[in-house]
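Working notes, beginning with the structure itself.
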Number of protein chains: 2
Amino acid sequence: MSGVHSPPSKDRSATHDCYLRLRAMILTGDLTPGHKLKIEELRSLLEIGASPVREALSLLTSDLLVERMDQRGFRAASVSKSNFEEILALRCILEEKALRASLAASNSAWEETLVLCHHRMKKAAQEDSSGFEDAHRAFHMALIANTNMPMLAHYCAQLYDLNIRYRNLAARGPNYRTRSVQNEHQDILDATLTGDADIAVRLLIEHYRNTGNYLSSQMDI
Amino acid sequence: MSGVHSPPSKDRSATHDCYLRLRAMILTGDLTPGHKLKIEELRSLLEIGASPVREALSLLTSDLLVERMDQRGFRAASVSKSNFEEILALRCILEEKALRASLAASNSAWEETLVLCHHRMKKAAQEDSSGFEDAHRAFHMALIANTNMPMLAHYCAQLYDLNIRYRNLAARGPNYRTRSVQNEHQDILDATLTGDADIAVRLLIEHYRNTGNYLSSQMDI
DNA sequence: AAGTAAAGAAATATCGATATTTTTAAGGAG
DNA sequence: CTCCTTAAAAATATCGATATTTCTTTACTT
């Protein structure tokens, strides 16, 4: 999961490669919040020219993971309690709408996708495989993706990743699974398959709030 | 308003300058949706090197105004009816929350800002000055800005600009003001100053829906 | 001693040239 | 005639070097 070492991958552009690696490093916390991102430093770390590095950093500002200061370079986005709380609040607002819209357009293909995503996530959690993070993300994104609103999905994904960053910062190591998270996921899935929007939304939001409170409690910022 | 000719401004970076100019060109419609943005072309148009152009284009992807296709360059973001409708829907969702939060934190300083913004907007509309666009934006952003949620404000601003782009594309010339828009603004202001959140929100959303329907009707996409 | 100005160092931003990839066009086989 | 391969052109992406700006340190004045 460490973004530093990845296949040279000759069929992706250096910029994109660079983007993915820096992104992973910021999300995992390898690059700490507020850390100055010097071009020359990254250039030698990633063994690549300055242009791809700069362009990748510019792209990362889209994701709110990098802050750009004109003439003064880049830094990893800063963090704060209020920022964390805003992310949580926005997720609750947007995912409620997204989940309701998805449920309104419910069909068996979507339901089956959900069941599959949930199954894979459970399995990954049991195996303690490194695939849990991806599976977890896939499950949550699938929940809200059954709607023709790509921008809404984009915002949700962005907020999801920002939240993951805080989780990684709060506890660099996944003792996350030890909570009742698995049960909560199961309940969300069940309510969604039943088609009860109010219950599903309530459970999803409670799930986020629970995680949020848990993270807040062991956050030192 | 044409973004092509602007002061050389030696105290801003070439990249930032480039960013602002390209941004204006896309918002006004000078650069049409889907149009291929060739580096060499822009390089000679803006009389600047390729690096700032590329970096500016990367930054514009943040604003959803430029689409980046790895190894295949950039293009002005495409438009569609469904995209327009999604922008409208998202604005209604987010601005409702933002306006309610602003009202919940209401104070006289904010109220006075609103009165001022509204006054300036009215004046600009009467004078047919080119400042109307900016004043209009300022008024709407002020309505939702009385809250400590910078990301929410950011999303709203982003969606506002995307909507403006559609307005400019639908009618390249502001016959916009001829509708009952001024009255609607007045009513929104009054309800907000009264502090009645439900009414203010309803009027604001109706305002957006009205504009949306009007634009939809004379859109050819 | 504190504040300021100048010099030096470090880092960013930009340029021009080149390598790489994609797109277009042309040729040839089945 | 169509499809596949290949050559040429165009455009993107990347590099290495340089110019510009910001940051740091030092020296000087009051």
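Lettering follows sequence order; numbering is per chain, from 1.
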Within 6.0 Å of NZ in K123(A), more than 12 heavy atoms from elsewhere: no
Nearest-nucleotide pick for R72(A), side chain only, options being dG16(D), dT22(D), dT12(D): dT22(D)
Minimum-distance nucleotide (side-chain atoms of S51(B) versus dT14(C), dA11(C), dA13(D)): dT14(C)
Nearest non-hydrogen partners of I87(A) and L159(A), listed with the distance: CG2-O, 3.8 Å
Residue of the set K122(A), H136(A), H118(A) for which side-chain hydrogen bond (donor to acceptor under 3.5 Å, both in side chains) holds with H185(A): H136(A)
Short side-chain to backbone donor-acceptor contact, N146(A) and A105(A), under 3.5 Å: yes
Spacing of L42(A) atom CG relative to dA10(C) atom C1', expressed in whole Å: 16 Å
Rounded distance in Å - NZ (K38(B)) to P (dT12(D)): 7 Å
Under-4.0 Å salt bridge between E96(A) and R100(A): yes
Options dT14(C), dA13(D), dT12(C), nucleotide nearest the side-chain atoms of K36(A): dT12(C)
Proximal nucleotide (of dT14(D), dC15(C), dA13(C)) relative to the I48(B) side chain: dC15(C)
Nucleotide dG16(C), atom C1' - distance to CD of E40(B) in whole Å: 11 Å
R43(A) CZ to dA10(C) P, straight-line distance once rounded to whole Å: 17 Å
Whole-Å distance separating the CG atom of L37(A) from the C1' atom of dA13(C): 16 Å
Interatomic distance, R54(B) CZ vs dC15(C) P [rounded to whole Å]: 15 Å
Whole-Å distance separating the CD1 atom of I39(A) from the C1' atom of dG16(D): 15 Å
Sugar-phosphate only, base, or nothing, as touched by L57(A) at under 4.0 Å among non-hydrogen atoms: nothing
Given dA11(D), dA11(C), dT22(C), the nucleotide with the shortest approach to the side chain of Q71(B): dT22(C)
Closest to the S13(A) side chain, choosing from dA13(D), dT12(D), dA13(C): dA13(D)
Spacing of F74(B) atom CZ relative to dT12(D) atom C1', expressed in whole Å: 9 Å
